[in-house]
Amino acid sequence: MNIKMDGCFDLVALGEVMLRFDPGENRVRNARSFTVWEGGGEYNVARALSKCFRMKTAVATALCENDIGFLVEDLIMQGGVDTSLIQWKPFDKIGKSCRNGLNFVERGFGLRGAKGTSDRGNTAVSQIKEGDFDWDSLFSNGVRVFHTGGIFCALSASTAKAALEAVRKAKEHGTFVSFDFNFRPSLWACLENAKEVRKTIGEILRYTDVVFGNEFDFVNVLGFESEKGADLDVHDDDRYLRFMNKVGEEYPNIKLIATTVRTVHSASCNSLRAVCVSDKKLVLSGSFEKLDVLDRIGSGDSFASGFLFSLLSGKDVESALSFALANAAFAMTTPGDTSMATEADIENIVSKKTAKVVR
């Protein structure tokens with residue numbers, strides 16, 4: 001991979017950071033207390049690279065200037081992510097013109113699936129637009145990887161345009177670009193100018209080196225046609241390869257496309273593996289069968305962070321896929337959006353796949 005050897009940041013993420021309310025074993029509708037975490041599809045990658053893998057990262061985002069925003073900032077700081085790129089938007093005292101996003105998440109158990117209820121309308125970050133960040137100044141100082149995704153792009157037409165501006169500037173300065181589709185039907189259902197946003201994401205991919213996504217993402221966001229009779233809820237390795245090679249014909253700049261493949265036996269028992277298309281060939285990981293799950297939310301972001309950390313560390317694609325899958329699996333054993341792993345934890349899983357006590 002053509003990734004810079006050094007820079008002021010190993011990775012910069014552009015995206016929303018929400019305050020997550022976790023009722024633990026309870027349901028949101030019956031809870032009397034919550035644990036709070038910070039979380040966001042793009043941010044989670046920066047946080048894992050910083051806190052888990054000791055890399056230098058930053059998040060480009062916006063927060064409303066009130067105590068909730070300051071709490072989110074404090075949580076970001078605890079994760080070791082640089083906050084100098086946060087834009088602060090004025091608070092109107094009631095949150096009518098600007099507010100911070102909230103996300104109430106049940107982890108699920110057994111036959112009760114995980115459930116997220118977001119409260120994110122009219123947030124500060126949804127108002128980000130082209131020209132809000134001095135990308136030339138940032139990238140000229142050296143950024144090894146720039147990461148953004150479909151959640152940020154689907155917040156508004158202006159955020160999608162801002163992401164396009166950012167990836168263009170990133171490539172001008174030789175920065176490796178990563179994009180995670182993270183398709184969220186709830187976001188797209190109420191998105192104004194959805195057709196325009198889809199077109200913009202298509203343009204973003206022309207500047208992207210690695211994409212995290214599956215057939216469902218490309219079909220629903222970019223309008224790619226699936227094979228006749230294909231059930232996109234059921235993954236097929238050969239079909240995935242054929243499909244992504246067609247994507248590669250449209251976007252020859254994309255070097256890697258990777259995704260996890262999950263079998264949900266119950267909310268608290270999943271099987272997990274991963275696939276990647278590189279140089280028109282399919283790369284397969286091993287599998288974790290019937291994993292015990294504490295909290296699956298954010299495990300896809302842990303997969304992305306493990307993959308990018310591996311590429312930044314000079315690992316080959318096969319090793320990156322194994323490390324990323326182990327990181328995703330480990331993340332499902334801890335609460336919250338963000339990973340609590342260490343590199344040693346993940347290497348232990350990759351090499352031994354054991355949960356024996358360490359003393």
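Residue numbers run from 1 in the order of the sequence given.
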message = Are R27 and R112 packed together at the side-chain level, in the sense that at least one heavy-atom pair is separated by less than 4.5 angstrom?
response = yes

ask   = Can any side-chain N or O of D180 pair as donor or acceptor with the backbone N or O of N182 at less than 3.5 Å?
value = yes

query = Does a donor on one side chain sit under 3.5 Å from an acceptor on the other, for Q78 and D74?
reply = yes

inquiry  = With rounding to the nearest 0.5 angstrom, report the CG to SG distance, L49 to C52.
reply    = 8.5 Å

request  = Take atom CG of N30 as the centre, draw a 6.0 Å sphere, and report whether it contains more than 12 heavy atoms from other residues, nucleotides or ligands.
outcome  = yes

ask   = According to a 4.5 Å side-chain heavy-atom criterion applied to Ile, Leu, Val, Met, Phe, Trp and Tyr, with indirect links allowed, do I204 and I128 form part of one hydrophobic cluster?
value = yes

inquiry  = Given 3.5 Å as the limit, does a donor-acceptor pair link the side chain of S50 with the main chain of A46, or not?
reply    = no

key: Basic-acidic side-chain contact under 4.0 Å: R99, D119   = yes

query = Would a distance-only check, ignoring hydrogens and angles, find a side-chain to backbone donor-acceptor pair under 3.5 Å from R144 to L312?
reply = yes

query = Would you say F109 has more than 12 foreign heavy atoms packed within less than 6.0 Å of its CZ?
reply = no

ask   = Got F176 and K4 here, is their nearest side-chain heavy-atom distance under 4.5 Å?
value = no

inquiry  = Less than 4.5 Å apart, side chain to side chain, heavy atoms only: is that true for E16 and M18?
reply    = yes

query = Atom OG1 in T61, atom CZ in F133: separation rounded to 0.5 Å?
reply = 7.0 Å

message = Using only atom types and a distance under 3.5 Å, with no angle test, would you say the side chain of S285 pairs donor to acceptor with the backbone of A274?
response = yes

task = Would you confirm whether D295, through its side chain, and G336, through its main-chain N or O, come within 3.5 Å as a donor-acceptor pair?
result = yes

query = Of the non-hydrogen atoms in A62 and K89, which two are nearest, and what is the gap between them?
reply = CB-CE, 4.2 Å

ask   = With under 30° as parallel and over 60° as perpendicular, where do the rings of F216 and F183 fit, or are they tilted in between?
value = perpendicular

request  = Tell me, with the steps shown, if Y207 and F146 meet ring pair (Phe, Tyr, Trp, His ring centres under 6.0 Å).
outcome  = CA-CA 11 Å; Y207 299 89; F146 177 77; over 10 Å; no

request  = Show the numbers, then the answer: is there a side chain to side chain contact (heavy atoms under 4.5 Å, CB included) between K169 and D136?
outcome  = CA-CA 7 Å; K169 290 295 184 181; D136 279 318; 3.1 Å; yes

key: L205 side chain reached by V211 side chain, heavy atoms, under 4.5 Å   = yes

ask   = Does any N or O in the side chain of E65 come within less than 3.5 Å of the main-chain N or O of F91, such that one atom is a donor and the other an acceptor?
value = no

query = Are K246 and F224 in a cation-pi contact, defined as NZ or CZ under 6.0 Å from the six-membered ring centre and within 45° of the axis?
reply = no

query = What are the two closest non-hydrogen atoms of V45 and D301, and how far apart are they?
reply = CG2-O, 3.7 Å

task = Evaluate whether atom NZ of K171 has more than 12 neighbouring non-hydrogen atoms of other residues, nucleotides or ligands under 6.0 angstrom away.
result = yes

Residues, nucleotides or ligands: over 12 heavy atoms within 6.0 Å of R242 CZ = yes

task = Might you confirm whether atom CG of D231 has over 12 heavy atoms from other residues, nucleotides or ligands at distances under 6.0 Å?
result = yes

query = Do L14 and W135 come close enough that some side-chain heavy atom pair is under 4.5 Å?
reply = yes

task = Examine distances only and state if a side-chain atom of S118 and a backbone atom of N103 form a donor-acceptor pair shorter than 3.5 Å.
result = no

request  = Check for a donor-acceptor pair, side chain of S299 on one end and backbone N or O of A328 on the other, with a separation under 3.5 Å.
outcome  = no

Stepwise side chain to side chain contact (heavy atoms under 4.5 Å, CB included) check, L71 with L19 = CA-CA 8 Å; L71 172 57; L19 187 64; 3.9 Å; yes

task = Measure the shortest side-chain to side-chain distance between V105 and K115 over non-hydrogen atoms and say whether it is less than 4.5 angstrom.
result = no

query = Looking at A326 and I349, what are the two nearest heavy atoms and their distance?
reply = CB-CG2, 3.8 Å

ask   = For the side chain of T334 and the backbone of A331, is there at least one donor-acceptor N/O pair under 3.5 Å apart?
value = yes

message = Show, in sequence, the C-alpha distance, side-chain angles and deciding distance for D82 and T57, and conclude whether the side chain to side chain donor-acceptor pair (under 3.5 Å) test is met.
response = CA-CA 6 Å; D82 187 280; T57 68; over 6 Å; no

inquiry  = Testing L138, V59, T148, T175 one by one against V12 for a side chain to side chain contact (heavy atoms under 4.5 Å, CB included), which residue passes?
reply    = L138

key: Close side-chain approach of V17 and I86, heavy atoms under 4.5 Å   = no

message = With a 4.5 Å cut-off on side-chain heavy atoms, are I346 and E343 touching?
response = no

message = Quick check on ring-ring contact (aromatic ring centres under 6.0 Å, His included): which of F179, F181, F307, F218 does F212 satisfy it with?
response = F307

Full working for side chain to side chain contact (heavy atoms under 4.5 Å, CB included) between W37 and D22 = CA-CA 8 Å; W37 317 85; D22 183 349; 3.4 Å; yes

message = Could you tell me if E38 and Y43 have a donor-acceptor pair between their side chains, going purely by distance under 3.5 Å?
response = yes

Donor-acceptor side-chain pairing of H173 and S140 below 3.5 angstrom = no

inquiry  = I need the minimum non-hydrogen distance between S156 and S126, along with the two atoms involved.
reply    = OG-O, 2.7 Å

key: Closest non-hydrogen atom pair between V81 and R47, with its separation   = CG2-CA, 3.5 Å

query = Quick one: do the T333 and D292 side chains pair a donor with an acceptor below 3.5 Å?
reply = no

inquiry  = Treating E106 as the side-chain partner and P23 as the backbone partner, does any N or O pair qualify as donor plus acceptor under 3.5 Å?
reply    = no

query = If you measure from the Lys or Arg side-chain nitrogens to the Asp or Glu carboxylate oxygens, is any gap between D10 and K56 under 4.0 Å?
reply = no

inquiry  = Whether the E215 and S226 side chains hold a donor-acceptor pair (N or O, under 3.5 Å, no angle test) is what I'd like checked.
reply    = no

request  = Evaluate the criterion side chain to side chain contact (heavy atoms under 4.5 Å, CB included) for residue pair M340 and K51; output intermediate values, then yes/no.
outcome  = CA-CA 8 Å; M340 298 181 183; K51 192 68 173 180; over 6 Å; no

query = Between N270 and R262, is any side-chain donor less than 3.5 angstrom from a side-chain acceptor?
reply = yes

task = Can you see which heavy atom on F21 is nearest to which on L102, and at what distance?
result = CE1-CD2, 3.9 Å

request  = Determine, for E250 against R206, whether the closest basic-nitrogen to carboxylate-oxygen distance falls under 4.0 angstrom.
outcome  = yes

key: Aromatic plane relationship, H235 with Y240 - under 30° parallel, 30 to 60° tilted, over 60° perpendicular   = tilted

